[in-house]
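Convention: sequence-line order gives letters A, B, ...; per-chain numbering from 1. These numbers come from the heavy atoms of this one structure, side chains and all, not from hydrogens, waters or symmetry mates.
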2 protein chains.
Amino acid sequence: MADEVRTGVPRRGPTISDVASRAGVDRAVVSRILNDDPRLRIKPSTRERVLAVVAELGYQPNAAARSLRTARTRTIALLVPDFENPAYGQIIKGAETAATKADSALLTASMELGEESFEHYAKQLGNGRVDGLLLAGGGITGTREEHLDRLGPPWLCVNRTGPGKRRYVVLDDERATELAVSHLLELGHTRVAFLSGPADSDTAERRRLGYIAAMEAANLDPGFVAHGDYTADGGAAGMQQILAAKRRHTAVLVANVASAVGALYAARQAGVHVPDDMSVISIHDLSIAAFLDPPLTTVRMSLSGLGARAVDLLLTRPRNEEIREVLEQPIDLIIRESTAPPRR
Amino acid sequence: MADEVRTGVPRRGPTISDVASRAGVDRAVVSRILNDDPRLRIKPSTRERVLAVVAELGYQPNAAARSLRTARTRTIALLVPDFENPAYGQIIKGAETAATKADSALLTASMELGEESFEHYAKQLGNGRVDGLLLAGGGITGTREEHLDRLGPPWLCVNRTGPGKRRYVVLDDERATELAVSHLLELGHTRVAFLSGPADSDTAERRRLGYIAAMEAANLDPGFVAHGDYTADGGAAGMQQILAAKRRHTAVLVANVASAVGALYAARQAGVHVPDDMSVISIHDLSIAAFLDPPLTTVRMSLSGLGARAVDLLLTRPRNEEIREVLEQPIDLIIRESTAPPRR
DNA sequence: TTGTAAGCGTTATCAT
DNA sequence: ATGATAACGCTTACAA
């Protein structure tokens, strides 16, 4: 088991009893003052006295005792697949802000989904550690849903429509891809390829659907679809496929910025000039996009808004209620220098 | 205060009493079995019976009750300035792995250091919520140290030598910059500029020192020093300063990858070709570096190793012991295409 | 306007 | 080889 390490006595701070006796009142009074009990009628003078003692001692209610008593922890957990992807950074930020507003802490952990790692999360997140669970990114298969349910706390998928598809919030990926495609079409492109995410990712799938819908709406044949894995490496490989495809394309819609970084790299390596030979546009706008070569045209959706909304839903909706929400929010085209009319 | 939201009754799982009665033993027995109490002599048959019930009910010990009793939470917190910076992502990963090994959870939060936000952390991290606190990144000034101490849990600075400088782990930034400079010098450069981080960051300062030491050791005058802020924006601005400086430089050492992204961008904008007109090398190696234009030569240090070491130190060292550790680990030069001999 | 007391689920120290 | 019991610090219904 754990190497029991003694790192000195875990110091405990002053307790509510310390405050009470020092202020000459009962613990109950202190508790109710600190929790703004609306039913409490109390002499202003004693209230002040108590508050003074609280400040003097630097009293902090013990979180463990409190949540043992109330069965609420005021913390929620957010599991992300990859801390190195700045896109998750944005989701985290939004979630954190929302959690803070709701007076809760946000516990973030990365998940590499293996069956055994579920064991681990059970231990870390089970009974009495968190009030709820947010799962960003994929891999929530059927059996895992059961595991999750058995864990106890209510959970919600973020930007994934889990398989049971009962509780999730997603961005409007279809609308985003349609916006991207229409930008390309307005520039005059007709042969547009799509560089997707992992085949089992449903954000990737929704983006692919949006792409196809937009192409067909314009009476155009959808182009080549390459599958990346949402990393720069995968993006580079996907771009190579697209460049090697029989049909020559004049534009590529890339499913996320990390892939786009790789795609631009692969184009450079192949001597294909962006945007003169090939336009590139990406879903999501990260700060790095502006500094790429060339600066990347993107479709901006608020990932932080997504994180925030997820927290709100988790905290306010009853634990078994269905939640199937496609976030309505502004989706903006950020035109930089990676898109241009096709050269004829 | 918080909008009291009722999201249904917080469900509690089975308790240790449920297990005990069902298995026909006392709670104490269950507890000691589950905690591998070495002093426990017990009939294998009853142990198995208990374990079976545990599995059957899916019993999970209640974390709140446990830490109320033991005064240990088995979670530590890591505060980072910016989740969008992949460098912190690496630190987080390392920390998480180490925490998991020590059977603890890692709670990550971002900090924007204002005086009031300390209030917030006091509430979230105070008494009984975490066993310790890791502070990555800067801004821990004197008065804040006191705040932190009053918070209760032991804390440790990661990659920052806080001002009291009593407890920290840092990477060997001086050695890293020396390695970078010597690479440049071996290529034949003599006029090397330094694109630093924020003036008040001590990693930036240590890197600057390493740079100056390495230049002087080679009997060369240190070149222009520009201050960025560890973002691409700041890096671009810094590079502009360097390009505008009176003295012409043939190489720039950049203090981190985010700045380097901006620096490469600014060079492109100015029509300065990297590496023909100007070599660029950066401290830290992030996965994006390989895909920049040109692929960026870097000095690799293990950020995840840093995170892991920080966790270990926090967990094993007595709470008031001084910790001043410069991490000894391999530091490697990753040569890509942004450095070359100066053109004459 | 304030106090009393029960109980949240666990672990540790005794007994037996 | 197992059981009884107190204690951890807090909140809340009820009593005074």
Side-chain angles (χ1 to χ4, degrees), chain A residues 1-2 4 9-50 54 57 59-74 123 126-129 131 152, chain B residues 1-2 4 9-50 53-54 57 59-74 123 126-129 152:
Chain A
M1 270 258 62
E4 258 324 316
V9 185
R11 207 186 57 184
R12 297 227 211 207
T15 75
I16 200 172
S17 297
D18 296 333
V19 175
S21 65
R22 185 119 173 193
V25 297
D26 191 86
R27 282 144 56 210
V29 176
V30 179
S31 171
R32 286 146 78 191
I33 290 178
L34 258 27
N35 292 311
D36 295 315
D37 181 345
R39 290 195 293 260
L40 176 64
R41 310 283 97 180
I42 205 176
K43 257 197 300 203
S45 66
T46 48
R47 156 174 268 131
E48 276 170 35
R49 190 155 31 97
V50 168
V54 166
L57 298 184
Y59 169 70
Q60 290 282 122
N62 180 293
R66 187 175 257 184
S67 54
L68 175 57
R69 179 63 230 240
T70 61
R72 307 207 56 223
T73 60
R74 298 212 153 280
K123 244 162 78 180
N127 213 338
R129 262 192 123 95
D131 293 334
Chain B
M1 267 266 64
E4 256 325 314
V9 185
R11 207 186 56 183
R12 297 223 209 208
T15 75
I16 200 171
S17 298
D18 297 333
V19 176
S21 65
R22 185 120 174 192
V25 296
D26 192 85
R27 282 144 50 210
V29 176
V30 179
S31 171
R32 285 145 80 192
I33 289 179
L34 259 27
N35 293 308
D36 295 315
D37 182 344
R39 291 195 293 259
L40 175 64
R41 310 286 95 182
I42 204 176
K43 259 197 297 202
S45 65
T46 46
R47 153 173 271 131
E48 276 169 36
R49 188 156 32 96
V50 168
V53 175
V54 166
L57 298 183
Y59 168 71
Q60 289 283 123
N62 180 293
R66 188 175 256 186
S67 54
L68 175 57
R69 180 62 233 236
T70 60
R72 306 208 57 224
T73 59
R74 297 212 154 278
K123 242 161 80 180
N127 215 339
R129 264 194 123 94

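- For the pair Leu40(A) CG and dG3(C) P, the computed distance is 11 Å after rounding to whole Å.
- Residues Arg47(B) and Ile33(B) share a closest heavy-atom pair of CA-CD1, 3.9 Å.
- When every heavy atom of Ala65(B) is checked against every heavy atom of Leu68(A), the shortest pair comes out as CB-CD1, 3.7 Å.
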task = Under the side chain to side chain contact (heavy atoms under 4.5 Å, CB included) rule, what do Leu34(B) and Tyr59(B) come out as? Steps first, then yes or no, please.
result = CA-CA 11 Å; Leu34(B) 259 27; Tyr59(B) 168 71; 3.5 Å; yes
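- For the segment residues 42-49 of chain A, no residue has any heavy atom less than 4.0 angstrom from an atom of DNA chain D.
- Under the 4.5 Å side-chain criterion, counting only non-hydrogen atoms from C-beta, Thr15(B) is not in contact with Asn62(B).
- Thr46(B) has its side chain out of reach of Val29(B): every pair of non-hydrogen atoms, C-beta onward, lies at least 4.5 Å apart.
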remark   = Scoring nucleotides 6-11 of chain C by protein non-hydrogen atoms under 4.0 Å (B base, S sugar-phosphate only, - none) yields BBBBBB
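- An end-to-end axis angle of 40° holds for the helix from dT1(C)-dA16(D) to dT16(C)-dA1(D), taken from five base pairs per end and rounded to 10°.
- Of the possible polar contacts, none joining the Asp18(A) side chain to the Pro14(A) backbone as a donor-acceptor pair under 3.5 Å is found.
- Residues Asp26(A) and Ala20(A) come closest through the heavy atom pair C-CB, 3.7 Å.
- Contact of the Arg32(B) side chain with the Arg27(B) side chain is not registered, since no non-hydrogen atoms from C-beta on lie closer than 4.5 Å.
- A straight line from CD1 of Ile33(B) to C1' of dA1(D) spans 11 Å, rounded to a whole angstrom.
- Rounded to whole angstrom, the span from the CG atom of Asp26(B) across to the P atom of dA12(C) amounts to 14 Å.
- Arg49(A) contributes a side-chain N or O that, together with a main-chain N or O of Ala23(A), makes up a donor-acceptor pair within less than 3.5 Å.
- Atom CZ in Arg39(B) sits roughly 15 Å away from atom P in dA15(C) (whole-Å rounding).
- Rounded to a whole Å, the CZ atom of Arg41(B) is 14 Å from the C1' atom of dT2(D).
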request  = Show the numbers, then the answer: is there a side chain to side chain contact (heavy atoms under 4.5 Å, CB included) between Arg22(B) and Leu57(B)?
outcome  = CA-CA 10 Å; Arg22(B) 185 120 174 192; Leu57(B) 298 183; 3.7 Å; yes
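- Counting heavy atoms from C-beta on, the side chains of Arg72(B) and Ser67(B) never come closer than 4.5 Å.
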